[in-house]
Amino acid sequence: MTDITPTEARQVLERAECVHSAEVVQDSLDSMATAITERMQDANPLVISVMTGAIVLAGQLLPRLHFPLQLDYVHATRYRGRTKGGELYWINRPNFPLKGRTVLILDDILDEGLTLEAIKDFCLQEGAATVYSAVLVRKRHDRCVDGVEADFTGLQVEDRYVFGCGMDYHGYHRNLPAIYAVDE
Ligand SMILES: O=P(O)(O)OC[C@H]1O[C@H](OP(=O)(O)OP(=O)(O)O)[C@H](O)[C@@H]1O
Ligand SMILES: Nc1nc2[nH]cnc2c(=O)[nH]1
C-alpha cells in the first residue's frame, strides 16, 4: 500500500465530489434489505462479508435483516490500498462449512468483477448450494468480467475511483457515511 499522510487524505476529500449523500446511502440500504428479505428470509443463509471493504455494509445492512442467518467473513484483496487492481490475494477463507448452504456474499463495490467471481467460484467449489451476492455500489463500465453481476445492488457510480462507506483511498476514508469520487 502506498502511504499517504492524514493531511493528504484530507486534501483528497476536500477536492472530491460527493456522488451519493449519507441519506441516499441509508435509503439504498433500506431498499436492499427489503429485496434481500423477500428473496432469502426462509433460506437460512450463511452471509459472507468480504473484508475489509464490506465491514460498513455488513454493519449497517445486517441489523435491517429480521430473519435467521449466520455470519462469516473472508478476507481477500486485489487492490491492497492502491487504485488499480491486481491478482486476488487471499488472507482468510470462510470458517463455516459451505456444503449445501445458501450463501450471500456482501461486498462494498463491484468494479471489474474479479473479486466477486473468485469468491463465488470458491463457495461453489466448497459445495455451496446457491450463491447470492449483494454490493452497496456497482461501477458502470464495460470492463466487468462477463456474466458477473450482483443479485442485490444499492447504488450505481460512474467509472471513477470512489471512497467512503467502507471503500478506501490509500487505506483512509472507509469511515465516511457518504460516497465520494476522487478528483483526477
Ligand atoms: O470488482 P473488483 O475490480 O474485483 O473490485 C472490487 C473489490 O475491490 C475492493 O477490495 P480491495 O481489493 O480494494 O480490498 P479492501 O476490501 O481491503 O478495500 C472491494 O472491497 C471489492 O472487494
Ligand atoms: N475504494 C475503492 N475500491 C475499489 N475497488 C474496486 N474499485 C474500487 C473503487 O472505485 N474504490
Side-chain angles (χ1 to χ4, degrees), residues 1-4 6 8-13 15-22 24-25 28-29 32 47-62 71-94 103-124 131-184:
M1 178 179 319
T2 329
D3 275 342
I4 63 166
E8 287 167 325
R10 275 186 209 281
Q11 287 166 349
V12 167
L13 176 58
R15 288 199 302 270
E17 180 187 351
C18 180
V19 292
H20 291 296
S21 68
V24 166
V25 170
S28 77
L29 289 165
M32 284 177 87
V47 178
I48 296 184
S49 178
V50 183
M51 294 298 171
T52 307
I55 197 163
V56 173
L57 175 63
Q60 298 203 16
L61 179 69
L62 293 178
L71 178 61
D72 201 349
Y73 74 98
V74 294
H75 194 177
T77 173
R78 58 180 293 262
Y79 287 78
R80 304 173 83 176
R82 299 184 305 263
T83 56
K84 294 259 181 302
E87 291 287 301
L88 188 71
Y89 176 71
W90 282 88
I91 299 166
N92 188 74
R93 290 183 165 79
V103 169
L104 173 63
I105 299 169
L106 296 186
D107 210 348
D108 51 354
I109 185 164
L110 171 56
D111 188 335
E112 295 173 354
L114 288 159
T115 305
L116 188 55
E117 180 185 50
I119 294 171
K120 191 171 176 180
D121 285 352
F122 175 85
C123 293
L124 291 169
V131 182
Y132 293 95
S133 56
V135 297
L136 179 60
V137 172
R138 169 75 157 101
K139 198 179 281 190
R140 277 192 302 262
H141 53 60
D142 58 9
R143 300 188 308 280
C144 193
V145 180
D146 273 354
V148 173
E149 197 45 80
D151 299 284
F152 307 98
T153 299
L155 296 163
Q156 307 263 337
V157 293
E158 283 175 29
D159 191 9
R160 298 167 70 185
Y161 195 81
V162 291
F163 59 87
C165 295
M167 295 173 284
D168 74 306
Y169 182 81
H170 292 269
Y172 286 96
H173 295 322
R174 292 190 197 271
N175 50 311
L176 296 171
I179 299 173
Y180 296 83
V182 173
D183 174 40
E184 280 175 322

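Indexing begins at 1, ligand by ligand and atom by atom, following the structure's order.
How far SG of Cys123 is from CG of Asp72: 9.5 Å, rounded to the nearest 0.5 Å. In this structure, Leu13 CG and Tyr172 OH are separated by 13.0 Å, a value rounded to the nearest 0.5 Å.
The single protein non-hydrogen atom nearest to atom 16 (O) of ligand 1 is Gly53 N, 2.9 Å, given as residue, atom name and distance. In this structure, the protein non-hydrogen atom closest to atom 6 (C) of ligand 1 is Ile109 O, 3.4 Å. Shortest contact from atom 17 (O) of ligand 1 to any protein heavy atom: Arg174 NH2, 3.2 Å. Closest protein heavy atom to atom 21 (C) of ligand 1: Asp107 OD2, 3.2 Å. At the top of the distance list for atom 12 (O) of ligand 1, counting protein heavy atoms only, stands Arg78 N, 2.7 Å. Scanning all protein heavy atoms for the shortest distance to atom 10 (O) of ligand 1 gives Tyr79 CD1, 4.3 Å. If you check which protein heavy atom lies closest to atom 14 (O) of ligand 1, you get Thr77 OG1, 3.2 Å. With respect to atom 7 (C) of ligand 1, the closest heavy atom belonging to the protein is Thr115 OG1, 3.5 Å.
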Going by atom type alone, with no hydrogens or angles, which donor-acceptor pairs under 3.5 Å involve a side-chain atom of residues 49-60 and a protein atom two or more places apart or on another chain?
unit_1: Thr52; atom_1: OG1; unit_2: His75; atom_2: NE2; d: 3.4
unit_1: Gln60; atom_1: OE1; unit_2: Gln26; atom_2: NE2; d: 2.7

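Applying the side-chain hydrogen bond (donor to acceptor under 3.5 Å, both in side chains) test to pairs two or more places apart or on separate chains, none has a residue in residues 175-184.
For ligand 1, the atoms closer than 4.0 angstrom to any heavy atom of Thr52 are 15 (P), 16 (O), 17 (O). Those atoms of ligand 1 that come under 4.0 Å of a heavy atom in Glu112, given as number and element, are 1 (O), 2 (P), 3 (O).
Polar contact with ligand 1: present for Asp108 (N/O pair, distance under 3.5 Å). An N or O contact shorter than 3.5 Å links Gly113 to ligand 1 by distance.
Here the side chain of Asp151 pairs a donor or acceptor atom with the backbone of Ser133 at under 3.5 angstrom. For His173 (side chain) and Ala9 (main-chain N/O), a donor-acceptor pair under 3.5 Å exists by modelled atom type. Here the side chain of His20 pairs a donor or acceptor atom with the backbone of Gln156 at under 3.5 angstrom. Side-chain atoms of Arg174 never come within 3.5 Å of backbone atoms of Met167 as a donor-acceptor pair (strictly under, hydrogens ignored).
Every residue two or more places apart in sequence or in another chain that forms a ring pair (Phe, Tyr, Trp, His ring centres under 6.0 Å) with Phe122 is listed here: Trp90.
Within a 6.0 Å radius of OH in Tyr73, no more than 12 heavy atoms belonging to other residues, nucleotides or ligands are found. Applying the 6.0 Å contact sphere to CD of Glu158 captures no more than 12 heavy atoms from other residues, nucleotides or ligands.
The side chain to side chain donor-acceptor pair (under 3.5 Å) test with Asp111 singles out one residue from His141, Arg138, Arg78, and that residue is His141.
Side chains of Thr77 and Ile91 form a contact here, defined as non-hydrogen atoms less than 4.5 Å apart.
At a 4.0 Å heavy-atom cut-off, ligand 1 touches Asp168 through the side chain alone.
Put simply, no part of Glu117 is less than 4.0 Å from ligand 1, judged by heavy atoms.
For a heavy-atom separation below 4.0 Å, the residues in contact with ligand 2 are Tyr79, Ile109, Asp111, Lys139, Arg160, Tyr161, Val162, Met167, Asp168.
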